[in-house]
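Throughout, a chain's letter reflects where its sequence line sits, starting with A, and its residues are numbered from 1.
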2 protein chains.
Amino acid sequence: MNYRIRLEDVARAADVSVGTASKALNGNGRMTAETRERVQRTAREMGFRPNAVARALIQQRSFTIGLLTGDSYGRFSMPLMSGISEALVHMGISVFMCGIEDDPELAKVHLDAMLEKQVDGIICTGKRIDRQLPLSTEGIPIPVVYAFAAAPEGSVVLVANDEQGATEATEWLLGLGRRNIVHVTGPESFHSARMRAEAYRMALGHNGQVMHGQWSEAWGHEAVARLWAEGTRPDGIFCGNDQIARGVVDALRERGADVPGDVSVVGFDNWEIVAAATRPPLTTIDMNLRELGREAGRLVMAMASGEPVEPGVRALPCSLVVRSSCGGHRAAAPEAA
Amino acid sequence: MNYRIRLEDVARAADVSVGTASKALNGNGRMTAETRERVQRTAREMGFRPNAVARALIQQRSFTIGLLTGDSYGRFSMPLMSGISEALVHMGISVFMCGIEDDPELAKVHLDAMLEKQVDGIICTGKRIDRQLPLSTEGIPIPVVYAFAAAPEGSVVLVANDEQGATEATEWLLGLGRRNIVHVTGPESFHSARMRAEAYRMALGHNGQVMHGQWSEAWGHEAVARLWAEGTRPDGIFCGNDQIARGVVDALRERGADVPGDVSVVGFDNWEIVAAATRPPLTTIDMNLRELGREAGRLVMAMASGEPVEPGVRALPCSLVVRSSCGGHRAAAPEAA
DNA sequence: GTGAAAGCGCTAACAA
DNA sequence: TTGTTAGCGCTTTCAC
């Protein structure tokens with residue numbers, strides 16, 4: 001009932017010209033309400049589906065954007081893409097998604113394909129915010145937004161606010177009365193690790209103790225082992241991600257330390273599969289990647305519509321998600337900024 | 001250097017007609033090698049990018065497909081989409097991806113958008129193979145393939161071979177000399193859980209012991225607790241997914257049972273974040289979702305090209321991934337079917 | 001071997 | 001208020 005029905009068919013059936021039919025369906029032009037309704041009804045009855053390709057050709061807009069991602073695991077790219085899609089679907093925009101697997105050749109192939117398909121804009125995303133994708137977006141004639149990825153000078157980029165997130169985490173522990181707080185995190189080579197550590201120190205008001213290692217559960221175990229070996233007994237541990245936090249919580253339990261009774265632990269990422277499965281479930285920082293995606297979608301379309309958008313890095317707020325690894329309740333500490 | 005350059009511009013610069021330029025660039029028609037090369041060189045130098053929208057309009061093919069997913073977490077849809085994309089990118093095909101969040105309205109909006117954009121085919125995917133998406137693909141004038149999702153009668157559908165995977169897992173345990181093997185899995189309401197349990201029984205040659213519960217670590221703990229309470233001491237446990245397996249392994253360790261010394265444990269899913277972080281890392285079944293995606297991509301394009309494709313369910317093989325939770329080495333047991 | 005011209009399905013400017 | 005017409009950028013007969 002909807003195959004190969006052209007506007008011309010609808011027009012003929014409704015006894016108007018294609019021009020009028022077009023206007024009737026798009027709400028443009030002037031005509032009697034009767035005519036407009038008749039055309040719309042006819043179109044509906046015939047199962048008419050406008051050909052967006054023809055429309056794109058003439059309007060020079062495809063109502064399509066491209067999402068290039070360096071995160072093929074989906075940890076970051078899935079929530080981002082959900083947000084983007086959510087923000088744009090009601091404008092009739094669809095999202096091309098492609099993973100580039102750290103391969104410059106592949107990245108170029110995908111990018112060219114999208115450019116040829118006349119996407120209205122491109123969003124690039126990675127799995128860490130201090131590494132550029134293997135991809136040059138220089139000289140690209142359409143808007144580009146970077147979300148959760150490093151970008152060339154002068155780009156529009158969106159990231160989660162690591163400092164603010166880490167500050168919230170640390171202050172949450174302080175608010176709970178914890179005073180001997182250690183920070184166990186990933187490699188110092190990661191910008192995020194450095195930012196979070198810095199914010200932790202600032203919130204503490206002194207140097208605290210920062211332990212850099214891997215972003216893994218194993219490092220969480222190892223870190224606790226080192227702490228115990230050197231006789232340190234923290235009452236709060238802020239971890240650089242949820243995997244480390246899970247390792248820490250398990251290691252603590254194995255040593256008979258009660259979480260959250262003796263030690264409060266905060267994670268970072270709110271990676272459901274890890275945070276919710278930890279015993280007790282992790283209180284952690286959510287980077288609100290979905291909202292980041294929404295904002296990226298809005299921005300790229302604003303740019304595509306010619307609205308002026310300032311280049312620069314926009315850091316969106318993280319929020320604390322309270323589960324059970326700290327004790328305390330949401331209301332007992334300051335809200336997200 | 002590549003903005004708004006049309007074929008006409010290239011043609012003029014190369015001193016040929018647009019028709020000739022088109023043929024030169026697409027390798028069609030007849031002309032002197034010199035002319036062809038000159039046009040190609042000119043196009044390259046000018047940074048010409050053919051407008052795929054115009055091409056799609058005339059060829060009635062957009063070189064685009066749609067991926068509708070009910071799995072917004074990405075556990076299944078990411079590998080699937082990587083596979084699809086991988087199989088099709090070299091045909092110049094891009095993939096629209098959209099999550100439908102169990103929302104029929106949203107699903108329809110996305111589906112209509114793709115249809116209007118003249119996608120050449122659609123792939124639908126979910127997060128379990130016995131639940132249909134909230135979506136009717138009836139009367140759709142383009143090929144539809146279901147991958148890892150339930151589908152209406154007469155559809156082309158691709159799933160992982162649960163029986164074969166479960167058989168491999170069980171036989172691996174048997175091959176290791178385990179004789180007292182228990183199966184701890186998810187709710188009986190899941191088709192996959194029933195299929196895997198059935199295959200487990202077949203491989204065992206008797207009824208064994210099947211414990212249905214949740215797909216969670218907590219259930220893994222609980223199941224071991226029950227086993228211990230009733231005095232059962234298995235030497236092998238085949239788990240319905242990796243999360244259960246992780247719970248089982250942790251619970252076993254807490255009771256002083258050595259894995260894999262006393263008990264061998266096999267998981268299902270090969271979900272890296274869970275399987276690799278378990279101590280010891282899990283030997284598990286991989287559903288090869290990426291390959292499933294590749295096949296889905298090939299199939300949908302074959303259908304779009306008019307090749308006859310038999311409707312029905314195609315079950316693709318799973319494979320055993322050996323880590324440390326069983327002892328034994330890859331060579332000691334039969335290969336994947 | 002190369003060019004001219006028609007047309008894919010639609011929108012928008014201009015006539016009537 | 002409605003219809004006519006000229007394209008959007010490309011491919012593809014069909015002449016020459």
Checking B:Ser305 side chain against B:Glu307 main chain: does a donor-acceptor pair fall under 3.5 Å? no
Does C:dT11 have its OP1 or OP2 closer than 4.0 Å to a side-chain nitrogen or oxygen of A:Asn26? yes
Pair A:Thr64-A:Lys117, side-chain donor/acceptor within less than 3.5 Å: no
Chain B on DNA chain D: first and last contacting nucleotide, 5' to 3', under 4.0 Å to a heavy atom? D:dG9 to D:dT13
So which protein N/O to nucleotides 1-3 of chain C N/O distances come out below 3.5 Å?
| from | atom 1 | to | atom 2 | distance (Å) |
| --- | --- | --- | --- | --- |
| C:dT2 | OP1 | B:Thr35 | OG1 | 2.9 |
| C:dT2 | OP2 | B:Thr32 | N | 3.1 |
| C:dT2 | OP2 | B:Thr35 | OG1 | 3.2 |
| C:dG3 | OP2 | B:Ser17 | N | 2.9 |
| C:dG3 | OP2 | B:Thr20 | OG1 | 3.0 |
| C:dG3 | O6 | B:Lys23 | NZ | 2.7 |

Using whole Å, report how far CZ of A:Arg4 lies from C1' of C:dC10. 14 Å
For A:His191, is there any backbone N or O sitting under 3.5 Å from a side-chain donor or acceptor partner on A:Asp130? yes
Nearest-Å distance, CZ (A:Arg6) to P (C:dT11)? 14 Å
Between C:dA12 atom P and A:Arg55 atom CZ, what is the distance in whole Å? 9 Å
Please report, rounded to the nearest Å, how far the P atom of C:dG9 is from the CG atom of A:Leu7. 11 Å
Between A:Arg44 and A:Phe48, is NZ or CZ placed under 6.0 angstrom from the six-membered ring centre and within 45° of the ring axis? no
If you measure from the Lys or Arg side-chain nitrogens to the Asp or Glu carboxylate oxygens, is any gap between A:Asp71 and A:Arg75 under 4.0 Å? no
Should B:Leu80 and B:Arg294 count as side-chain neighbours, where that means a heavy-atom distance under 4.5 Å? no
B:Asp9 side chain to B:Arg6 main-chain N or O, any donor-acceptor pair under 3.5 Å? yes
Student check: side-chain heavy atoms of B:Ser155 and B:Val144 closer than 4.5 Å: no
If I take atom CD1 in residue B:Ile58 and atom P in nucleotide C:dC10, what distance separates them, rounded to the nearest angstrom? 15 Å
pair B:Leu289-B:Phe76: side-chain heavy atoms closer than 4.5 Å: yes
note: A:Leu57, atom CG; C:dT11, atom C1'; distance rounded to Å ~ 11 Å
Between P on C:dG9 and NZ on B:Lys117, what's the gap in Å once rounded to a whole number? 19 Å
Take the protein atom CG of A:Asn51 and the nucleotide atom C1' of C:dG9, then report the distance between them rounded to whole Å. 6 Å
